[in-house]
Amino acid sequence: MARARALVFIATSADGYIARADGAIDWLLRLHARVPAGEDCGYAAFTARVGALVMGRASFEQAVAFDPWPYEMPVVVLARRGVAVPAALQGRVSVSAEAPRALLERLGAEGVAQVYLDGGQLVQAFLREGLVDEMTVTTVPVLLGSGRPLFGALPADVDLELLDSRAWPFGFVQNRWRVTGPSDGSGASR
Ligand SMILES: NC(=O)c1ccc[n+]([C@@H]2O[C@H](COP(=O)([O-])OP(=O)(O)OC[C@H]3O[C@@H](n4cnc5c(N)ncnc54)[C@H](OP(=O)(O)O)[C@@H]3O)[C@@H](O)[C@H]2O)c1
């Protein structure tokens, strides 16, 4: 059984941060106010391609405050220590301490072909293991100077093939890349 493919869809500042050091995304919400009604920058089309959302504990701890809960797909929170899931989200959110590869193999065996991978540390961990298949990164026009980065150290260069590139008049730029190497060797997804 092929592992599930891992797809990233995330926004960064022009200097590559996904959140301030304290986790705040006020800058993203502020800039998002420039986006005209009806423009979702490809989000609905992206979520239609995935069967589950895998997010890091830190992303979940921010997302849990969203009201209403914005995700229709099943959510798996990856955490090595305990996470409190509110009663209202029981059955929609599960918590797992599985290693990245084991998680993608389990989800693949359960019939999930593609997952949405969310959270900077999580993306970095999956990238280090050659387990990210595609990344859509939307760069928004602000410099933060510091914060939580999307990318980090890697054991080797990771080659990318540009699949699509878009720019909007409100200043957002979006690149969609296929990750072409180094491969995890499964041959399952490329
Ligand atoms: N700009 C955007 O589009 C965007 C998107 C998503 C999130 N965010 C923001 O980004 C912040 C969260 O991102 P983040 O990079 O700080 O953290 P993250 O990737 O969401 O979560 C990191 C946590 O995931 C857990 N984890 C489980 N398995 C792991 C593994 N194999 N490797 C690494 N971590 C693993 C660890 O928690 P344990 O300590 O429990 O093991 C780790 O501390 C939040 O502030 C959120 O609001 C922004």
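Everything numeric here is computed off the predicted structure, so don't read it as measured data. Atoms within a ligand are numbered from 1 in the order they appear, just like the ligands themselves. Heavy-atom basis, side chains included; hydrogens, waters and symmetry copies ignored.
Here the heavy atom of the protein found nearest to atom 36 (C) of ligand 1 is R80 NH2, 3.6 Å. Q121 N, 2.8 Å is the protein heavy atom nearest to atom 15 (O) of ligand 1. Protein heavy atom nearest atom 17 (O) of ligand 1, with residue, atom name and distance: A58 CB, 3.3 Å. Taking atom 16 (O) of ligand 1 as the reference point, the nearest protein heavy-atom neighbour is R148 NH1, 2.8 Å. Counting protein heavy atoms only, atom 25 (C) of ligand 1 is closest to L78 O, 3.2 Å. The single protein non-hydrogen atom nearest to atom 40 (O) of ligand 1 is R57 NE, 2.6 Å, given as residue, atom name and distance. The single protein non-hydrogen atom nearest to atom 44 (C) of ligand 1 is Q62 CG, 3.6 Å, given as residue, atom name and distance. Scanning the protein for heavy atoms near atom 5 (C) of ligand 1, the closest one is D118 OD1, 3.3 Å.
Inclusion of T12 in the set of residues having an N or O under 3.5 Å from an N or O of ligand 1 is not warranted. Ligand 1 has an N or O atom lying under 3.5 Å from an N or O atom of G23, backbone or side chain. Residue P100 has no nitrogen or oxygen atom sitting less than 3.5 Å from a nitrogen or oxygen atom of ligand 1, judged on distance alone. Distances between N or O atoms of S59 and those of ligand 1 include at least one value under 3.5 Å. Residue contacts with ligand 1: A24 is placed with no nitrogen or oxygen under 3.5 Å of a nitrogen or oxygen of the ligand (distance criterion only). Of the polar atoms of P149, none of the N or O atoms is found under 3.5 Å from an N or O of ligand 1, judged by distance alone.
For the side-chain contact (heavy atoms from CB on, under 4.5 Å) with V115, the lone residue among V50, L104, L7 that qualifies is L104. When V132, T180, V179 are each tested for a side-chain contact (heavy atoms from CB on, under 4.5 Å) with V158, only one passes: V179. When each of V75, V54, L53, I10 is paired with Y116, the side-chain contact (heavy atoms from CB on, under 4.5 Å) condition holds for L53 and for no other.
The closest non-hydrogen atom to atom 8 (N) of ligand 1, taken over I10, V140, I18, V77, comes from I18.
For the residue pair A58 and R148, the shortest heavy atom distance occurs at CB-NH1, 3.7 Å. Considering every non-hydrogen atom in both W27 and V142, the closest pair reads CE3-CG1, 3.8 Å.
Side-chain polar atoms of E39 and W168 form a donor-acceptor pair below 3.5 angstrom.
Heavy atoms of A125 found under 4.0 angstrom from ligand 1 belong exclusively to the side chain. For L28, every heavy-atom contact with ligand 1 shorter than 4.0 Å involves the side chain, none the backbone.
A tilted orientation is assigned to the rings of H32 and F172, their planes being inclined by 30° to 60°.
The main-chain N or O of L150 is found under 3.5 Å from a side-chain atom of Q124 such that the two form a donor-acceptor pair.
For the pair R81 and ligand 1, a heavy-atom separation below 4.0 Å is found.
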